[in-house]
S.K.: 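The structure is given below, and queries will be raised subsequently.
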Amino acid sequence: MNTSIIEARPDFAAIAAWIPQGSSVLDLGCGDGSLLRYLRETREVRGYGVEISDANIAACVANKVNVIQNDLESGIADFENESFDFVILSQTLQATRHTEALMKEIVRVGREGIVSFPNFGYWKNRLQVMFGNMPVSDEMPYQWYDTPNVHLCTLDDFEILCSHQHLSILGRHVMANGSDVNLLPNLRGSTAVYRVRRDT
Amino acid sequence: MDNSVGIVSAKRAVFDTPFTFKSGAILPRYELMYETYGNLNVDHSNAILICHALSGYHHVAGYYAGDEKNIGWWDNMVGPGKPVDTNKFFVIGLNNLGGCHGSTGPSSINPDTGKPYGASFPVVTVDDWVAAQARLADLFEINQFAAVLGGSLGGMQAMQWALTYPERVRHVLAIACAPHLTAQNIAFNDVARSAILTDPDFHSGDFYQHGVVPTRGLRLARMLGHITYLSDDAMADKFGRELRGGKLNFSFDIEFQIESYLRYQGDKFAAYFDANTYLLMTKALDYFDPARDLGGDLNRAFAAAKAKFLVVSFTTDWRFSPERSHEIVHALLHNKLDVSYAEIASQHGHDSFLMEDEQYFAVMRNYLNNVAEECAP
């Protein structure tokens, strides 16, 4: 199953690559626990997820993943300072309401934060807007009227936020169609994973 | 009956070693009633202990021969193919010390006096129960339970297992539970106790000799309890303002359906439950506070625990609210223990933990399936 998860979610492989064996990990909005399970099986991480959906809670439990049922934006307050090596927010940033506050919480609870999100600046998205419509893509498969995404951003935008919040970007992995993108990432990348930490 | 463990019978374990209560009181000899379902595996690693709450007892699942309607109190949860799957687990239910279903309690005869213990029965705590349960486990040569689970006061016992016997329990399932009662909760218990203590038929706990039962007090205590176990919404849904006779009678007789229901529940309970046991159970609830001797620091209280935890709460449970479960989860996280927490959207207040609910049962089933996998030889 490990390979299929990585194929389905290329950002998982990028996230896992940054996580050393035996780390502690908090996955905010952990879904059915696939990433935590993958990290447990391949990295022996000690992990917890925070998740709101009933179906996902039952799925996490079935996946032998520790999961706390709570809204991830209010639920993270329960976690102590630097109680995890990594706090992961995978493909969820764009759907959070208090994005700024959550970013601060991520680097409070985790020694490092790992954040992945769809790049709104991807050329296919730009093209759709240019032709007069809101973008609909694999990463953002919603119509404007039913999307949970309220805070979409480009790579540049995200990096500006990090700078405002005094976060160092320790790593960045940009992808499109499952392949790495190094040239003109803000234009050619559809998904990005960042590794951040508070400036010391 | 579908997925029932079928006909079961209660058994009696006799303990001749003296039992010292937390209070210092000593019982030289005592008995515990219990039932078991399923089979203990070769290495005795598949045992589950079910701890009961205020009014529960050893009859957890199945039914008695010739009394098919007397179904165990958690039969929806325990049985072949059910979340606590008796095809996989060896399940023990018992009646706690101080109970009134056959285990030694206030209504049992004190061999020293030839009369019921009554008021002289020691005040029993959750710690005491867990210690007594451990002796029962010893009888079966169960060194470590696969899981200990319970709801409400039963959940407190399950948690206490992880604190008193960290090596003897692999999983704790604490349902509709709290790390200690709030002042409001103690207040409810005190009103219930006052109803019993002030009943003229109570005779300071020694009513047995007078051939009477403090029915009025017990009934009031149960009525009050019932109000707090249900949610406002559940009561509104079930009874609303419906009148039994369809019209106002301008009297103090039973008029609203809720009055009829509460009195029925009160009468039913008072007919079989022992008043002294009720006092003991509520006192055990009030006293439970594993952080008490640690300056109220629950994080330190759980430092000894090694078990993995499943904590479950119900959204409409205002007597053991989700916030109280958050406190437990917080302390477990602090101690880097494995924990999952599910907050079940349910209509039925505190009583939800006894009701069948798709999400609740899915979580329990998935969790216990994994526990069963670990037990497989």
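Chain identifiers are assigned alphabetically (A, B, ...) following the order of the sequence lines, protein sequences preceding nucleic acid strands; residue numbering begins at 1 within each chain.
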S.K.: Where on B:Asp338 is there a heavy atom nearer than 4.5 Å to chain A: the side chain, the backbone, both, or neither?
M.R.: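 Both backbone and side chain.
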S.K.: Rounded to the nearest 0.5 Å, how far does CD of B:Glu374 lie from NZ of A:Lys64?
M.R.: 7.0 Å
S.K.: Mind listing the closest non-hydrogen atom pair of B:Asn366 and A:Ala62 along with its distance?
M.R.: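 Closest approach of B:Asn366 to A:Ala62: ND2-CB, 3.7 Å.
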S.K.: For the residue pair A:Tyr48 and B:Val339, what are the closest heavy atoms and their distance?
M.R.: CE2-CG1, 3.8 Å
S.K.: Counting only heavy atoms not in A:Gln21, do more than 12 fall under 6.0 Å of its CD?
M.R.: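 Counting other residues, nucleotides and ligands, CD of A:Gln21 exceeds 12 neighbours.
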S.K.: Quick check on B:Asn39: does its CG atom have over 12 non-hydrogen neighbours (other residues, nucleotides or ligands) under 6.0 Å away?
M.R.: no
S.K.: What is the distance from atom NE2 of B:His334 to atom OG of A:Ser83, rounded to the nearest 0.5 Å?
M.R.: 10.0 Å
S.K.: For the CD atom on A:Glu44, are there more than 12 heavy atoms of other groups (residues, nucleotides or ligands in this structure) within a distance under 6.0 Å?
M.R.: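 No - once you tally the heavy atoms of other residues, nucleotides and ligands closer than 6.0 Å, there are 12 at most.
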S.K.: Does any backbone or side-chain atom of B:Leu337 lie under 4.5 Å from a heavy atom of chain A? Answer side chain, backbone, both or neither.
M.R.: backbone
S.K.: What's the shortest heavy-atom distance between B:Asn370 and A:Val61, and which atoms?
M.R.: ND2-O, 2.8 Å
S.K.: If I compare all heavy atoms of B:Leu333 with all of A:Phe79, which pair ends up nearest, and what's the gap?
M.R.: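 For B:Leu333 versus A:Phe79, the nearest heavy atoms are CD1-CE2, 3.4 Å.
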S.K.: For B:Val363 and A:Gln69, what are the C-alpha separation, side-chain angles and deciding distance, and is it a side chain to side chain contact (heavy atoms under 4.5 Å, CB included)?
M.R.: CA-CA 12 Å; B:Val363 170; A:Gln69 188 161 25; over 6 Å; no
S.K.: At what distance, to the nearest 0.5 angstrom, does CD of B:Glu343 lie from CD1 of A:Ile57?
M.R.: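 If I round to the nearest 0.5 Å, the distance is 9.5 Å.
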S.K.: Report, in residue-number order, which members of residues 311-331 of chain B are under 4.5 Å from chain A by heavy-atom distance.
M.R.: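 Counting heavy atoms that sit under 4.5 Å from chain A, the residues of residues 311-331 of chain B involved are B:His326, B:Val329, B:His330.
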S.K.: If I measure from the heavy atoms of chain A, does B:Lys308 come under 4.5 Å with its side chain, its backbone, both, or neither?
M.R.: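 When you check distances to chain A, no heavy atom of B:Lys308 falls under 4.5 Å.
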S.K.: Within a 6.0 Å radius of atom CG on A:Asp138, are there more than 12 heavy atoms belonging to other residues, nucleotides or ligands?
M.R.: no
S.K.: Look at A:Val65, A:Ile68, A:Asp78, A:Asn66 and state which one has the largest set of heavy-atom pairs under 4.5 Å with chain B.
M.R.: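 If we count pairs closer than 4.5 Å to chain B, A:Asn66 comes out on top.
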